[in-house]
Amino acid sequence: MPRSASKTSKKRTQPDSVTSSATDPVPSASSKKKSCKEMDATDQLFYKYANTSSGVIDPEGIEKLCSSLKVPHTDIRILMLAWRMKAARQGYFTKAEWRIALTALKADTINKLKKALPELEKEVRKPLNFRDFYAYAFKYCLTEERQRILEIETICKLLDMVLGSTFRAQVDYFVNYLNNQKEYKAIDMDQWMGFYRFCNEISFPDMINYNLEHSWPCILDNFFEWMRSKQA
Amino acid sequence: MEPKIIDFEQGWDYIETGITAMKRQFEVPVPEITPEHILDLYTAVYKMCTQRSPHDFSSQLYQKCCETMEEYMNSTVLPALNEKLGDEYMLLRELLKRWSNHKMLVRLLSAIFHYLNRYFIVRESLPSIEKVGMGYFRDLVYNKIQCKVREAVLALVDKEREGEDIDRKLMKRVLEFYVEIGMERYEQDFETFMLKDTASYYSRKASSWIQEDSIHDYIFKSEQCLQKEKERVSHYLHFSSEPNLVKVVKHEFSVVHENQILEKTHAERQISLGPLAKIFKQHVTDTTINAKEQVLIRKVIELHEMYMVTECFQNHTLFHKDLKRAVAGSDALLATFCDRIILKKWGSEELSDEDIEKVVIFLAYISDEKDIFAEFYRKKLALRLLLNRGVSDDHERSILTKLKQQNRGQFTFKMERMMTDLTLSRENQNSFKEYVASYNHVAKPGIGLTVTLLTSGIWPSYKTFGINLPNEMVKCIEVFKEFYETKTKGRKLTWIHSLGTCHVNGQFDQKPIELIVSTHQAVVLLLFNTKDKLSYNDIQTQLNVGHEDLVWLLYSLSCGKYKILIKEPATETVSRTDVFEFNSKFTARMCRVKIPLPHVNDRKKVIEDVDKDRRYAINATIVRIMKGKKALGLQQLVSECVEQLNQMFKPDIKAIKMRIEDLITRDFLERDRENPNIFRYLA
């Protein structure tokens, strides 16, 4: 019996347990046509971590999930999982979102999920996906309605998590800069993406190909000048 | 029957006779060749070209045609010109005549040999008859005499420079001839030499004038020459020559004799730019006025006349640069200086209103960041207007009109509105007086109240603080509010007591003295009507004024030059434990005394305000540009911005980038997905 598709879930609304027709970005072998038995296994796994009254996995549940997976709470892989399921709200997984990710990863037990994580990471780190993931990471942290900026503290943690392994030096210096400057109290999406572009395009730490007259966000211009003054 | 074959000799003979007749008509008045004749000739050519081989004489006819033109150049045209070489006018007239003839001849030949032109020539890829003809004229005639022609033209130009009247129409046609022969001929054969000739002509003139004339006359003469050269272009030279010509003249007059000009200026007026700048800066930080300033003003006026009146020097880099360098970064000082000179008229030799106007306009002109100058000027103007200091309205308006002419845009908008406000305010005040006179409430306001109404946003914003007014003043304000409601409904009135003035009568022991104080000060003083002695706390409680403001007020009344109140203890500053007493022993020479309030230095605020305005201006400009262009790269956006804002200030790329980011945050713009260097307008 086909599931009835009802309203599409919007961002930042109360998590609902009604079926949503969120589409799966990466095609997986068996999408909607599963046997009832498999659904149940995935569902069962969901209910292991979900909050019984709200019907969604809440932050507490996620912590439990992390310890089950033997992954630190602040590990990037959880964020990757959230990305994979296009989780709308930070700290919460709905059943629909859960199903998307686990189906794609072909996991219906904790062990299978754990084993699928390296594959997930590889998937995310593909250049085309990573940019999307990087943008997602920022949006994921926007908790308030109409919020468009993230505080410096959050940004620093996020940068460390998301780019720490690939652009260690840039992240370290930039975080240092952010903590020392007084001009900016928060970062917006444009500046966030700008930094990613910076890491990819600008040779570091010499920054020989950086040009103040190009359209880099001003915060990066300031960072550049700050670096230069330190290098002098 | 077959048409009769035309034999070549016969045919050509017939044609040649016709051509000779054509040529004759250029030399002597003979009846013009008729269209029928031309048709006959055409037909002959046609026949001779369409006859079957070997009677197809196209090639021979072509050759003959070319030969006949060539021959004509050599036998008739060139000799005719060579004859006239002795006289400029005769040569030029002959040239034009021959040129006109030539064009006619070519036209006629093209008509007669039309069939050739259309088929044979195209088939054989040969140059057309017209082309050949032009080539011959250029090579066999023009090239041989062009030097002489040029010399003739330049000789006439020099004659005109010396004051002789020359035939300008002729000159125009000659130069049009050059252009017809080819623009490169105009430029290489004529213009280059003309410029050289001009340079040497003015070089001679300038050298002698710089020795003989005063600097004023020299400049005047150079101006005249420049003007005349421009006229020359409009009358007969090709318009493309103007920029180079102007450059040459300016060079000969100002650049070549730069040093001498400076020396002369120095000798005659004892001006040298370095010390001027120093005196300038010295003046505006000095609080005392002295004789040096009189001299300075005169110098400034003279400099102004020298630089502003003469176009020759107006944009000349040397003077401009030095002058701007001397006053760079002093836009605030320039405006302050304007204020001082508008308010003060020095010593024995009063400066006329015109002089003062000239100086103000000049200073506005040389200021670098016009919006800072304008802002300071506006603030000073406001104080002049509000505190009734200084000069007449007419004079202020006259200056504003001139500033408006000189600077486009919003430079004087607010200031003019300010003056209008005052005029309206005065009218309003009259109405108010009538209203009060006919006031039939039992308790009329016992104090005369004059209200100046300022439109917010037009005037600089003034800080004021609240104070508990005495009943008499409250009554006044109520009456005015009532009155104002009858005139305009729904407007909010904010009272700026810090700008108000009160005339308070002080009944001192020796003699009564009228005190001119601010409203706030008056309120403090009036407290002492009921009690002779009051503590700081008493006063604060009754007036409900903040500590800093109250200290400031009490200081002005007890620690300044005029001590209306006696402070115990008599220390230098006011503190919360002080007690104040009415100083009945106070007296002064005059019977009216002004008690000033020390003004807060608001320079920082002005700069802040200007910065804010600049941010708005850049934002608005970016939005305007992007709305039109929809998508634009950063560099282009920056250069367009700079161009549009250039009148008032020069925004740097950083400021523009910051504004762009602000607009991105506010969803006016977005970065292009593919190319982050491009911005898009979001509808």
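Naming: A, B, ... by sequence-line order, numbering from 1 per chain. Note: hydrogens, waters and symmetry copies are ignored here, and every other heavy atom, side chains too, is used.
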Is the count of non-hydrogen atoms from other residues, nucleotides or ligands lying under 6.0 Å from [X] atom [atom1] greater than 12?
X	atom1	value
A/Gln181	CD	yes
B/Glu643	CD	no
A/Glu201	CD	yes
A/Lys122	NZ	no
A/Tyr173	OH	no
B/Glu548	CD	no
B/Arg624	CZ	yes
B/Arg491	CZ	no

For A/Ser215, the option from B/Asn677, B/Asp672, B/Asn675 that meets side chain to side chain donor-acceptor pair (under 3.5 Å):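 Among B/Asn677, B/Asp672, B/Asn675, the one that satisfies the side chain to side chain donor-acceptor pair (under 3.5 Å) with A/Ser215 is B/Asn677.
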Chain B contact via A/Leu212 - which portion, at a heavy-atom distance below 4.5 Å: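 For A/Leu212, the backbone is the part near chain B, not the side chain.
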Contacting moiety of B/Ile664, where chain A heavy atoms sit under 4.5 Å: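 Both backbone and side chain of B/Ile664 come within 4.5 Å of chain A.
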B/Gln635 versus chain A, the contacting section by heavy-atom distance below 4.5 Å: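 Answer is side chain: those atoms of B/Gln635 sit under 4.5 Å from chain A.
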Side chain to side chain, B/Arg671 and A/Pro217, heavy atoms closer than 4.5 Å: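 Yes. Closest side-chain heavy atoms under 4.5 Å.
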B/Pro676 side chain reached by A/Trp216 side chain, heavy atoms, under 4.5 Å: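 Not in contact.
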Check ion pair A/Asp221-B/Lys654 (N to O, under 4.0 angstrom):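 Salt bridge absent between A/Asp221 and B/Lys654.
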Closest heavy-atom pair and its distance - B/Met658, A/Cys218: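 The answer is CG-SG, 3.3 Å.
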Distance, nearest 0.5 Å, that separates CD1 of A/Ile219 from CD of B/Glu661: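 Those atoms lie 8.5 Å apart.
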Point-to-point distance, once rounded to the nearest 0.5 Å, from NZ of B/Lys657 to NE2 of A/His214: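 Rounded to the nearest 0.5 Å, the NZ-NE2 separation comes to 9.0 Å.
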From CA spacing to verdict: side-chain contact (heavy atoms from CB on, under 4.5 Å), A/Arg148, B/Asp667: CA-CA 11 Å; A/Arg148 305 183 60 143; B/Asp667 281 336; 2.9 Å; yes
